[in-house]
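Counting begins at 1 with the first residue of the sequence. Quick caveat: nothing in here was measured; it's all calculated off a predicted structure.
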Amino acid sequence: MCNNSQKHNEVAMQPFIGPNFLLDTPIAQRLYHDYAEGQPIIDYHSHLSPQKIAEDYHFRSITEIWLEADPLKWRAMRANGISEKYITGEASDWEKFQKWAETLPYLFRNPLYHWAHLELQRVFGISTPLSPDTAEEIYKQCNDKLRQPEFSARSLIRRFNVKTICTSNDICDTLVYHKQMRKEHEPFQMLATWKPDRLFMQDKPERFCHYIQELCESSDMIIRTFDELLEALRKRHAFFHSQGCRMSDVSLDTFYITDYTAPEVDEIFQKILYGHPLPPEEQTKLKAALLMALCELDYKAGWTQQYHIGSLKDVNTTMFKVLGRHTGFDAIDDQAQASAMGRYFNRVFERGLLCRTIVYNLNPRDFEMFAVMLGCFQDGSYPGKMQLGPAWWFMEQEDGIRRQINALSRQGLLSRFVGWATDSHCFLTYTRHEYFRRILCNLLGDDITRGLIPAYEESRVGQMIREICYGNAQRYFHFSSM
């Protein structure tokens, strides 16, 4: 009889991030390698810098490309007791990289551990795990490669076979870099996404008024009434459309829905325009009116809408005052979403303004609810018209991806899913498309292995995987006709 040590030795150990990483069965391995692995990428939600893409930027170091705009890494380093000096402070690139290398061995079971090593392998060809012992050599190897032409911003995009990038752009953006890229002969296109988030700062009257002044300048008009605000938005929307934009995206804590009248909203708008704070009920009325007006603009232009719902911003106000927004101090909100979401889409549906729509949820408890709610408003006009967005932000890890796929599978049509979105500021994170695709193939391979899907349907499942990785998004966003 074998003892426990002998049994352990008989288990076939997978190499770290080997060819069959995250693929537990032979069928899963075939699905990934035969159907998913070679598919192009449509990055329909990204925060990459349009300027860096247009200028084909060359990064000075691995620290700049890897650590300078990644709050998730910053959060991990803080949790490991690293001083802010080595995170967002004045330390050198090498010192910051060294502190990240010190942190990484403490990240077993955190997705950052896999993501970091995927990026090192796929981009730099480095299979050695990063640690304090290997940091100096890896830092040198990466920096040597980043000096080469094939590691510029555009070269990295081409390497991952990206066909379309949709950047996130404030509605006052000049889109000068998008104009420049339209003249270039690249195998990928860069499109803008209309992002009106800053219209919803009614809790901060001074910042809201300053933004309205920016909108006055970008729309070349004076804004004194709510109707004039809507006219300015129409002008900016038409400009974005003329530059190839076909998609909007707004990040909200919840859907804003309440009753209001036009005179009431105009009075509230003029009140805040003169710097007066608004009580919560007036803030909600103005936000609800704006949200519906934006929806109407998108519908008339034939755009796709995206809603990112459920983040709680800047919960550490002390650090917000020191470092500003998007520095790792946001959290998952736990307010109830179902009622507001249902009432909002019901009003949109009643008014005949339902666009192709993707809704992302951040609270893991809400995957099933969001999927069910979206199913209430499928209108039969387009396959998968109402989409449960891919796992987002804190959910971009194996469990979150599984939850999203399972919720969509149970309550909708996984086969119509438009797939992964990078949602990143970093040019190395295209490896997360691979991460998602491996998890998807493993789930479906497991279903076939367990007899939940007929074995003779393997090729059909493979074709579904191809569509999720690329084809569905290409058709859904109408990118092929642009």
Side-chain angles (χ1 to χ4, degrees), residues 45-52 63-79 82-91 96 112 166-174 177 192-215 218 248-256 272 275 277-278 280 283 286-287 290-291 294 306-335 360-363 389 392-396 421-427 429:
H45 178 66
S46 165
H47 295 280
L48 293 181
S49 165
Q51 181 177 359
K52 284 184 168 63
T63 303
E64 181 188 14
I65 193 173
W66 217 19
L67 299 177
E68 281 198 356
D70 194 338
L72 289 178
K73 290 189 180 78
W74 299 347
R75 288 169 66 98
M77 293 170 76
R78 291 175 187 134
I82 303 299
S83 165
E84 199 66 33
K85 171 185 176 181
Y86 301 100
I87 302 171
T88 61
E90 69 278 9
K96 290 178 179 178
L112 286 166
C166 295
T167 61
S168 299
N169 305 90
D170 185 88
I171 63 177
C172 295
D173 198 314
T174 63
Y177 300 110
T193 299
W194 160 276
K195 198 155 179 56
D197 291 9
R198 292 204 289 163
L199 287 172
F200 297 90
M201 296 188 295
Q202 284 75 7
D203 58 329
K204 302 176 180 66
E206 186 176 344
R207 290 174 61 187
F208 179 80
C209 291
H210 179 75
Y211 186 60
I212 295 301
Q213 184 57 42
E214 284 187 42
L215 184 56
S218 64
S248 69
D249 174 49
V250 61
S251 297
L252 303 168
D253 56 346
T254 189
F255 287 97
Y256 298 109
I272 193 173
L278 301 178
Q283 292 184 34
L286 184 52
K287 289 177 180 179
L290 279 168
L291 200 56
L294 292 168
Q306 297 176 97
Y307 297 93
H308 285 78
I309 304 295
S311 63
L312 190 61
K313 301 291 179 61
D314 309 317
V315 296
N316 186 331
T317 57
T318 301
M319 294 306 294
F320 167 71
K321 291 174 184 175
V322 175
L323 298 176
R325 303 199 72 178
H326 309 305
T327 52
F329 301 100
D330 301 330
I332 297 171
D333 201 352
D334 66 348
Q335 66 175 298
Y360 305 74
N361 70 288
L362 193 55
N363 194 319
W392 164 51
W393 203 344
F394 299 111
M395 294 297 101
E396 290 181 17
T422 308
D423 187 29
S424 175
H425 295 81
C426 178
F427 285 81
T429 51

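Across Arg75 and Gly328, no two heavy atoms sit closer than the pair NH1-O, 3.0 Å. Here the closest non-hydrogen pair linking Gln202 and Leu290 is NE2-CD1, 3.5 Å. What you find for Pro196 and Leu294 is that their closest heavy atoms are CG-CD1, 3.8 Å. The two atoms that bring Ile171 and Leu199 nearest to each other are CD1-CD1, 4.0 Å, heavy atoms only. Considering every non-hydrogen atom in both Asp334 and Asn363, the closest pair reads CA-ND2, 3.6 Å. Residues Ile82 and Ile87 come closest through the heavy atom pair O-CD1, 3.6 Å.
At least one side-chain heavy atom of Ser311 sits less than 4.5 Å from a side-chain heavy atom of Leu362. Here the side chains of Val250 and Trp194 are not in contact, with every heavy-atom distance at 4.5 Å or above. Between Phe320 and Asn316, the closest side-chain pair of non-hydrogen atoms is not below 4.5 Å. Contact of the Gln306 side chain with the Thr193 side chain is registered, since non-hydrogen atoms from C-beta on lie closer than 4.5 Å. Two residues are said to be in side-chain contact when any heavy atoms from C-beta on lie closer than 4.5 Å; Asp423 and His47 meet this criterion. When side chains are defined from C-beta on, Ser46 does not count as touching His425, because their heavy atoms never get closer than 4.5 Å. Side-chain contact between Cys426 and Asp70: absent, with no pair of heavy atoms (C-beta onward) separated by less than 4.5 Å. The shortest distance between side-chain heavy atoms of Phe208 and Asp203 does not fall below 4.5 Å.
Between the side chain of Trp74 and the backbone N or O of Leu67 there is at least one donor-acceptor pair closer than 3.5 Å. Remark: side-chain polar atoms of Asp333 are not paired, donor with acceptor, to backbone N or O of Asp253 under 3.5 angstrom. Using a distance-only test at 3.5 Å, with no hydrogens or angles considered, no donor-acceptor pair links the side chain of Ser83 to the main chain of Tyr86.
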| message | Tyr211 vs Asp170, test: side chain to side chain donor-acceptor pair (under 3.5 Å). Steps then yes/no. | response | CA-CA 11 Å; Tyr211 186 60; Asp170 185 88; 3.0 Å; yes

- [ ] Test side chain to side chain contact (heavy atoms under 4.5 Å, CB included) on Met395 and Ile332 and set out the steps.
- [x] CA-CA 10 Å; Met395 294 297 101; Ile332 297 171; 4.2 Å; yes

_What verdict does the side chain to side chain contact (heavy atoms under 4.5 Å, CB included) test give for Ile272 and Leu286, after you've listed the backbone C-alpha separation in whole Å, the side-chain angles of each residue and the deciding distance to 0.1 Å?_
CA-CA 10 Å; Ile272 193 173; Leu286 184 52; 4.2 Å; yes

Notebook entry, point to check: Going through the distances and angles, do His45 and Ser168 end up as a side chain to side chain contact (heavy atoms under 4.5 Å, CB included)?
Noted result: CA-CA 7 Å; His45 178 66; Ser168 299; 3.9 Å; yes

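Asp249 and His308 are linked by a side-chain donor-acceptor pair at a separation below 3.5 angstrom, with hydrogens and angles left out of the test. Tyr307 and Asn361 share no side-chain donor-acceptor pair at under 3.5 Å.
Ion pair Glu84/Arg78 flagged as a salt bridge, since at least one NZ, NE, NH1 or NH2 atom sits closer than 4.0 Å to an Asp/Glu carboxylate oxygen.
The line from CZ of Phe394 to CG of Asp330 is 6.5 Å long, rounded to the nearest 0.5 Å. To the nearest 0.5 Å, atoms NZ (Lys195) and CG (Asn169) are separated by 10.0 Å.
Within a 6.0 Å sphere centred on CD of Glu214, heavy atoms belonging to other residues, nucleotides or ligands number more than 12.
Every pair passing salt bridge (charged side-chain N to carboxylate O under 4.0 Å, His left out) that includes a residue from residues 313-326 is listed here, sequence neighbours excluded: Asp314-Arg325.
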